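These numbers come from the heavy atoms of this one structure, side chains and all, not from hydrogens, waters or symmetry mates. Treat the numbers as computed from the prediction; the structure is a model and nothing was measured.
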Amino acid sequence: MKRTGFIVLMVMMLILSACGDKKETAGGDAGSDKASSGDAGKDKDSGKMTLKWFIVASADAQLPAKDKDFVKKAIDEKFNVDLTVDYMPFGADFQNKLNSLISSGDTPDVFYSDGVSSNQYIKDGVAREIKDLVTPQTMPNYFKYWMTEKDLNMYQVQGKFARAPIPYAKDIYRSYYIRKDWLDKLGLKMPTNYDEMIAAMKAFTEQDPDGNGKKDTYGFTTYGGGTNMSMDFPEFVKNGLIGDFIVEGDKFIDTRTDPRVEQVLDDVKKVMAMGVVDPDWLLAKNGQQLEKAEQGKAGIILGMGKNLAFDNNPEGLQLKTKQITGNDKADWQPFHPFAETGTWIETVPGNPFLLSSQSSDDKIKKSVEILDWLAGEEGYLLTHYGQDGTDYTRDGSKIKINQEAFKKDVTDNGNFLSVYQWFTPVPDPKPLELEIEDPSITDRDKEIVKTIEGYKIVPSIGTSVVVKEGMDLAALRKRMNELMVSVLFDDKDASKWPAHRKELMTKYGGNEIFAYYAEQVSNASGKTVTFTGE
């Protein structure tokens, strides 16, 4: 395994992560001896196999005490294991923590990653090959409800079968949300185009929409994780750059390095110069933009998820805003300035899970069993709706939530089910042919869904794309983000972008990477697609 170079590169990550924010439980301290591989990975006291996973979770998620964690109890009893789950919001801190675990020889048995980083883990031998581990025979639920073998085969990189995508939602509930009560107070209509959206941002910043007599609100907020140019900014879609990749005619387009990014950056700089964007957006972590909105500090936000602004969603934008601000008239409504021309692209498989090459075969096989259980009906229901007969009842294919019990058992216990939903982050049980009968869903909620489902979605490139041996997409994206941020905060305009793009295409291998992507799209579609670089 190629570990020496990796360890040297990760020394600084160890230092950074030593002070990082860590969330643990579901089995004890993530660094305890119980999860070692000694004695075939068995806990000496219980005789159970100890497993350690490192996964992604929302910023507000918190596992409860063991006696209240009915998911851990079910997993431990059903599979005769002692599962420890270490979890963090995805971002730089997550990546640093994972890298420190790997470089210290404590690689989790199962871990979440993004597509770019997973390539490095596969190259360095950190992730094991899974060709015989992730199959319709070993993971029948995963393939029955969520994934096809074709999708999985196209997802592989470097000639190795070493990663698999987590289940993903086919429906897209990505929308801007706006404080309609602020619009009403200021005599403004719901924005239907970009100019009206900017006008609303300006009014929300300058006209005291919350009526507190202070100039302490902003039109728009987002997050950058300290490093990234957020694609929540509508200026990408305004300039025809939707999603990560698109195909225009016979041309493959990487939306974040396209020549049109120059205009995107100029447009964003203009909006920032107006003072209508939360000035702290770049340093905000994912989740903190929602907190700003819930605190009444911003009037427009990009949101994900079907029930984000439902009336009775205890962790949603609508109810939390009312609770935090004390304003019962707060009204978050969906809108999109490009609803009729295209808001986002069709979904393709997203980020992967990986299995450690350091773990024993027994631990990996047991982890795969648990993952498939999470992907199946029993695991999905438990991790999304709680305990059968207590938190919900079932009548055939219909699931009815007991709101009072769910609040007591889940919401008031750190909303902890969201941690276990990492492997099936799909809020609608439709893929399992189940239906939610939720008395808490109001007519307003139904109108929100109807509005978002009416947005135009642009066709995707039709396949997942991967890099091959020797291509360093991570380095390209890192440099790309540095250049974008530099233009936004240091330069008078975006006129340097053509030179920056040339650097990305030549010095950082963009020409080769995106030409290879275009080749994969051509092979999948049967239509010749090319990439035009520098």
Original post:
Is any side-chain heavy atom of Val261 closer than 4.5 Å to a side-chain heavy atom of Met484?
Top reply: yes
Original post:
Is Glu262 paired with Arg501 through a side-chain N to carboxylate O contact shorter than 4.0 Å?
Top reply: no
Subject >> salt bridge (charged side-chain N to carboxylate O under 4.0 Å, His left out): pairs with one or both residues in residues 373-388, sequence neighbours excluded >> reply: Lys78-Glu378, Glu377-Arg394
Original post:
So does Lys478 pair up with Glu482, basic N to acidic O under 4.0 Å?
Top reply: yes
Subject >> Ring centers of Tyr385, Phe406 separated by less than 6.0 Å >> reply: no
Subject >> Heavy-atom pair of closest approach, residues Tyr420 and Val85 >> reply: CE2-CG2, 4.3 Å
Original post:
Can you tell me if CG on Asp67 sees more than 12 non-hydrogen neighbours from other groups inside 6.0 Å?
Top reply: yes
Original post:
With no hydrogens and no angle check, do the side chains of Asp280 and Tyr218 hold a donor and an acceptor under 3.5 Å apart?
Top reply: no
Original post:
Between CG of Leu434 and NE2 of His384, what distance do you get to the nearest 0.5 Å?
Top reply: 11.0 Å
**OP:** Starting at OG of Ser117, measure out to CZ of Arg477 and round the result to the nearest 0.5 Å.
**Re:** 12.5 Å
Subject >> Side-chain donor-acceptor contact under 3.5 Å, Asp232 with Thr222 >> reply: yes
Subject >> Backbone of Leu308 reached by a side-chain donor or acceptor of Tyr177 within 3.5 Å >> reply: no
Subject >> Pairwise side-chain contact, Tyr145 with Tyr380, heavy-atom cut-off 4.5 Å (strictly under) >> reply: no
Original post:
So does Asp184 pair up with Lys180, basic N to acidic O under 4.0 Å?
Top reply: yes
Original post:
Under 4.0 Å between a Lys/Arg side-chain N and an Asp/Glu carboxylate O for Asp171 and Lys306?
Top reply: no
Subject >> Lys320 with Glu315: basic N within carboxylate O range, under 4.0 Å >> reply: yes
**OP:** Please confirm whether Phe233 and Phe220 have ring centers closer than 6.0 angstrom.
**Re:** yes
Subject >> Any side-chain donor near an acceptor of the partner, Asp311 and Thr442, under 3.5 Å >> reply: yes
**OP:** Please indicate whether Lys400 has more than 12 foreign heavy atoms, meaning atoms of other residues, nucleotides or ligands, lying under 6.0 Å from its NZ.
**Re:** no
Subject >> Phe531 vs Tyr517, ring-ring contact (aromatic ring centres under 6.0 Å, His included): CA-CA, chis, key distance, verdict >> reply: CA-CA 8 Å; Phe531 174 73; Tyr517 281 2; 9.2 Å; no
Original post:
Between CD1 of Ile242 and OG of Ser460, what distance do you get to the nearest 0.5 Å?
Top reply: 12.5 Å
Original post:
Around atom NZ of Lys202, are there more than 12 heavy atoms of other residues, nucleotides or ligands at under 6.0 Å?
Top reply: no
**OP:** Please confirm whether the backbone N or O of Leu483 pairs with a side-chain atom of Lys496, one donor and one acceptor, at under 3.5 Å?
**Re:** no
**OP:** Compute the centroid of each ring, for Phe416 and then for Phe70, and state whether the two points are separated by less than 6.0 Å.
**Re:** yes
**OP:** Would you check if there is a donor-acceptor pair between the side chains of Glu235 and Asn239 at a distance under 3.5 Å?
**Re:** no
Original post:
Got more than 12 heavy atoms from elsewhere within 6.0 Å of CD, Glu340?
Top reply: no
Original post:
In Å and rounded to the nearest 0.5 Å, what is the CH2 to OG1 distance from Trp281 to Thr221?
Top reply: 10.0 Å
Subject >> Lys/Arg-Asp/Glu bridge criterion (N-O < 4.0 Å) met for Asp412, Lys407 >> reply: yes
**OP:** Please say whether more than 12 non-hydrogen atoms of neighbouring residues, nucleotides or ligands are located less than 6.0 Å from CG in Asp443.
**Re:** no
**OP:** Mind listing the closest non-hydrogen atom pair of Asp210 and Thr217 along with its distance?
**Re:** OD2-CG2, 3.7 Å
N/O donor to acceptor pairs below 3.5 angstrom from side-chain atoms of residues 329-338, sequence neighbours left out:
unit_1, atom_1, unit_2, atom_2, d
Asp331, OD1, Gln333, NE2, 3.1
Asp331, OD1, Arg444, NE, 3.2
Asp331, OD1, Arg444, NH2, 3.3
Trp332, NE1, Thr321, OG1, 2.9
His336, ND1, Phe338, N, 3.0

**OP:** Tell me, please, which residues at least two apart from Tyr455 pass side-chain hydrogen bond (donor to acceptor under 3.5 Å, both in side chains).
**Re:** Ser175
Subject >> Minimum heavy-atom distance Leu183-Pro191, with the two atoms named >> reply: CD1-CD, 4.0 Å
Original post:
Under a 4.0 Å N-O cut-off, is there an ion pair linking Lys251 with Asp258?
Top reply: no
Subject >> Pair Phe54 + Phe94: ring centers closer than 6.0 Å >> reply: yes
